[in-house]
Amino acid sequence: MKRLTRLEEISESFEGVEKCFAVQAGREIRIMVKPDQIDDATSILLARDIAKKIEAEMEYPGQIKVVILDILIRTAIEEFLQFIGTKAEK
């Protein structure tokens, strides 16, 4: 449990990160970023920087996958689904 919490703490310490979720017993960290602060190019650098900080501060067996999620995509999908729902009601 401490490992999962530590992964999330490390990831959330970076600017532009909104929320983090350690999944698969800590073998993957999913990071939701603020799309108005982090663009596609910056997200690549952010993933690399987070991975380097995890390597420097933690001991773990194997690899940890760092996944950056853009919240804007989720919002667009939700809006599209709402749009489809209103079309179906008519």
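Model, not experiment: these values are computed from the prediction.
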Next on the checklist: Checking Glu18 against Glu12 for the side-chain contact (heavy atoms from CB on, under 4.5 Å) test, could you report, in this order, the C-alpha distance in whole Å, the side-chain angles of both residues, the deciding distance, and whether it holds?
Outcome noted: CA-CA 7 Å; Glu18 186 164 321; Glu12 289 176 347; over 6 Å; no

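Listed here is the closest heavy atom pair of Leu46 and Phe14: CD1-CB, 3.7 Å. A pairwise comparison of heavy atoms in Leu7 and Gly26 identifies CD1-O, 3.4 Å as the closest pair. Nearest heavy-atom pair across Met32 and Phe21 is SD-CE1, 3.5 Å. Here the shortest heavy-atom pairing between Ser13 and Lys53 reads OG-NZ, 3.2 Å. Of all the heavy atoms in Leu4 and Ala25, the pair that sits closest is CD2-C, 3.8 Å. Looking at every heavy atom in both residues, Ile38 comes nearest to Glu15 through CD1-O, 3.8 Å.
Hydrophobic clustering, with ILVMFWY side chains joined whenever heavy atoms are under 4.5 angstrom apart, keeps Ile50 apart from Ile44.
Note that CD1 of Ile68 is 7.5 Å distant from OG of Ser11, once rounded to the nearest 0.5 Å. In this structure, the separation between NZ on Lys65 and CZ on Arg30 is 7.5 Å, given to the nearest 0.5 Å.
Residue Cys20 is tested with Ile29, Val33, Ile10 for a side chain to side chain contact (heavy atoms under 4.5 Å, CB included); the sole match is Ile29.
Remark: the Ser43 side chain and the Asp40 side chain contain no N/O donor-acceptor pair separated by less than 3.5 Å.
Glu9 has a carboxylate O that lies under 4.0 Å from a charged side-chain N of Arg6, or vice versa, which qualifies the two as a salt bridge.
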